[in-house]
Every structure is written in C-alpha cells, then in structure tokens.
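Please read the structure below before turning to the comments.
Remember, it's a predicted structure, so these values are computed and weren't measured experimentally.
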Amino acid sequence: EVLNITRIKIEELSNINNIYSKYLDYFDKLYPVLDIYYSTICGFISDLNRFIVGTTTLEYFSNEFAKDEALYYYNLRSDKKENGPHYADKVHSLLEKANYVFNFSEQEIIELSKRINDARVYYIHYNRKRKNLTDYETFYFSHLLFDILIINIGLLLGINVDLLKQLTNYGKYYKKENIFN
C-alpha cells in the first residue's frame, strides 16, 4: 500500500532557515529515522511490518532525542525493573508531545502506551503472554506510530504545529474511536 502523502509547501514555513539549520545539526542522528519513514510510506509494506518498524523507529528516536522525557515517566513508575525507561515510557513521552493532534486523556495515553508495548513484546520477542493486536488494530496503530514519529520530528526541527497536523493520517486512516474500541 502506498499512502496518500500530504505535503507542506516551503512557502508555508515561515522559519525555513531555522528548520534547515536544525535539520543539518541533527542529520546524522535523524537520517536512519527519515530513511525508514520514507521507505515505509513509499512502498508496499504489510500492516504488521509497518507496526514493527514503527515501534523500532520510535524507540530509536526516543533514545536519541527524548531520553529525559522518557526518564520522567519512568521515574513516576512503581515497578522500576529495568535500568532505565521502559518502552512504554518512551511511547508515553513521544505521544504526550504529539497529543495536541489526538487529544487523548492522560489515562488513554497510559493505556495506549501499554497496549503498544504489549503488542511490540508479543510480535518482536514472541512473548505470548502479552496481547497481540487484531488486524484492524494493527492497521490503526501502525499509522498512529508513524504519526507520532513525524510530529516529533517536526517539533524537533521547529515546524509549526498547525502544519504538522496536516501531515498526519489521523482522521484519514484512523480516528480515536478506532484506537479505543
């Protein structure tokens, strides 16, 4: 499936020099994320593979650009079993930043972060004690993951939030009720 891609015109970016400067500053760390994102949206990839690639890409982005935010949510936990943020903490922090698009409640963000984490563990680590996703959920969640990613990349570069909303698939491929059904 090749996605319907929404673009932002250069003329819409009032701070193009600052965005480009940040892009150059972060290029080495951003390149793997951008390459995966581009390859995923421009080629055929199954929903499950998109989900798995999305979880991996979000983890990389969090490790490179949002460690402190993930650590914040980790420190709120009562079940600190690892030497740092859990994957769910990483998703939580990135979803929190992108939430102006989705308007999830704090409880929904916590639940969603856990569901994404459980599905990731199920598919990547073959832990059958965790919950997998239905075919529909895999489709919706895979698009959500890449929306979270593109919003966070845009925020990192300083792109206006109203323009970033246009780049998401939220409302096109999925809605809040699809995620919390």
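Residues forming a side-chain contact (heavy atoms from CB on, under 4.5 Å) with Leu48 (at least two apart in sequence, or on another chain): Ser46, Ile52, Tyr123, Thr138. Take Lys29 and apply the salt bridge (Lys or Arg N to Asp or Glu O under 4.0 Å) test, not counting sequence neighbours, and it matches Glu64. When the side-chain hydrogen bond (donor to acceptor under 3.5 Å, both in side chains) test is applied to Ser142, the partners found at least two apart in sequence or on another chain are Arg50. Contacts of Glu96 classified as salt bridge (Lys or Arg N to Asp or Glu O under 4.0 Å), with partners at least two apart in sequence or in another chain: none. With sequence neighbours excluded, the residues forming a side-chain contact (heavy atoms from CB on, under 4.5 Å) with Lys97 are Ala66, Glu69, Asn152, Leu155, listed by chain and number. With sequence neighbours excluded, the residues that form a ring pair (Phe, Tyr, Trp, His ring centres under 6.0 Å) with Phe180 are Phe104. By the salt bridge (Lys or Arg N to Asp or Glu O under 4.0 Å) test, Asp89 is found to be paired with Arg77, residues two or more places apart in sequence or in another chain being considered. By the ring pair (Phe, Tyr, Trp, His ring centres under 6.0 Å) test, Tyr170 is found to be paired with Phe102, Tyr174, residues two or more places apart in sequence or in another chain being considered. Residues that satisfy the ring pair (Phe, Tyr, Trp, His ring centres under 6.0 Å) test with Tyr140, not counting sequence neighbours, are absent from this structure.
Counting only residues at least two apart or in different chains, salt bridge (Lys or Arg N to Asp or Glu O under 4.0 Å) contacts with residues 107-126 comprise Glu59-Arg120, Glu108-Lys176, Lys114-Asp118, Arg115-Glu137, Asp118-Arg130. The salt bridge (Lys or Arg N to Asp or Glu O under 4.0 Å) pairs that include a residue from residues 161-170 number zero, where partners must be two or more places apart or lie in different chains.
Residues Leu112 and Val121 do not share a hydrophobic cluster, defined by chaining ILVMFWY side chains whose heavy atoms lie under 4.5 Å apart. The hydrophobic clustering, which links ILVMFWY residues whose side-chain heavy atoms are closer than 4.5 Å, places Val161 and Leu163 together. A continuous path of Ile, Leu, Val, Met, Phe, Trp and Tyr side chains, each step under 4.5 Å between heavy atoms, connects Ile116 with Leu133, placing both in one hydrophobic cluster. One hydrophobic cluster holds both Ile124 and Tyr87 under the rule that ILVMFWY side chains link at heavy-atom gaps under 4.5 Å. Tracing side-chain contacts under 4.5 Å through hydrophobic residues (I, L, V, M, F, W, Y), one never reaches Leu76 starting from Leu71; they form parts of separate clusters.
Side chain to side chain, Lys90 and Asn117 fail the donor-acceptor criterion of an N or O pair below 3.5 Å.
Going from atom CD1 of Ile45 over to atom OG1 of Thr40 covers 4.5 Å, rounded to the nearest 0.5 Å. Rounding to the nearest 0.5 angstrom, the gap separating the CD1 atom in Ile179 from the OH atom in Tyr136 is 14.5 Å. The CG atom of Leu167 sits 8.5 Å away from atom CD1 of Ile151, with the distance rounded to the nearest 0.5 Å. To the nearest 0.5 Å, atoms CG (Leu156) and CG (Leu30) are separated by 6.0 Å.
Open room surrounds OH on Tyr72; 12 or fewer heavy atoms of other groups in view lie less than 6.0 Å from it. Under a cut-off of 6.0 angstrom, the local environment of CG in Asp135 is sparse, with at most 12 non-hydrogen atoms contributed by other residues, nucleotides or ligands.
Under the side chain to side chain contact (heavy atoms under 4.5 Å, CB included) rule, Val91 has a single partner from Pro85, Ser113, Ser62, which is Ser113. The only member of Ile148, Leu164, Thr168 that meets side chain to side chain contact (heavy atoms under 4.5 Å, CB included) when paired with Val101 is Thr168.
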Criterion side chain to side chain contact (heavy atoms under 4.5 Å, CB included) on Tyr37 and Ile153, from CA distance to verdict
CA-CA 11 Å; Tyr37 177 78; Ile153 291 170; 5.6 Å; no

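Using a 4.5 Å cut-off on side-chain heavy atoms (C-beta onward), Thr55 and Phe51 make contact. Considering only heavy atoms from C-beta on, Leu94 comes within 4.5 Å of Phe61 through its side chain. With a 4.5 Å cut-off on side-chain heavy atoms, Phe146 and Leu58 do not count as touching.
A donor-acceptor pair is defined here as one N or O able to donate and one able to accept, closer than 3.5 Å; such a pair exists between the side chain of Asp147 and the backbone of Asn169.
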Do any side-chain atoms of residues 8-28 form donor-acceptor pairs under 3.5 angstrom with protein atoms, and if so which ones, sequence neighbours left out?
{"residue": "Glu12", "atom": "OE1", "partner": "Lys9", "partner atom": "N", "Å": "2.7"}
{"residue": "Asn15", "atom": "ND2", "partner": "Gly158", "partner atom": "O", "Å": "2.9"}

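Across Gly54 and Leu145, no two heavy atoms sit closer than the pair C-CD1, 4.0 Å.
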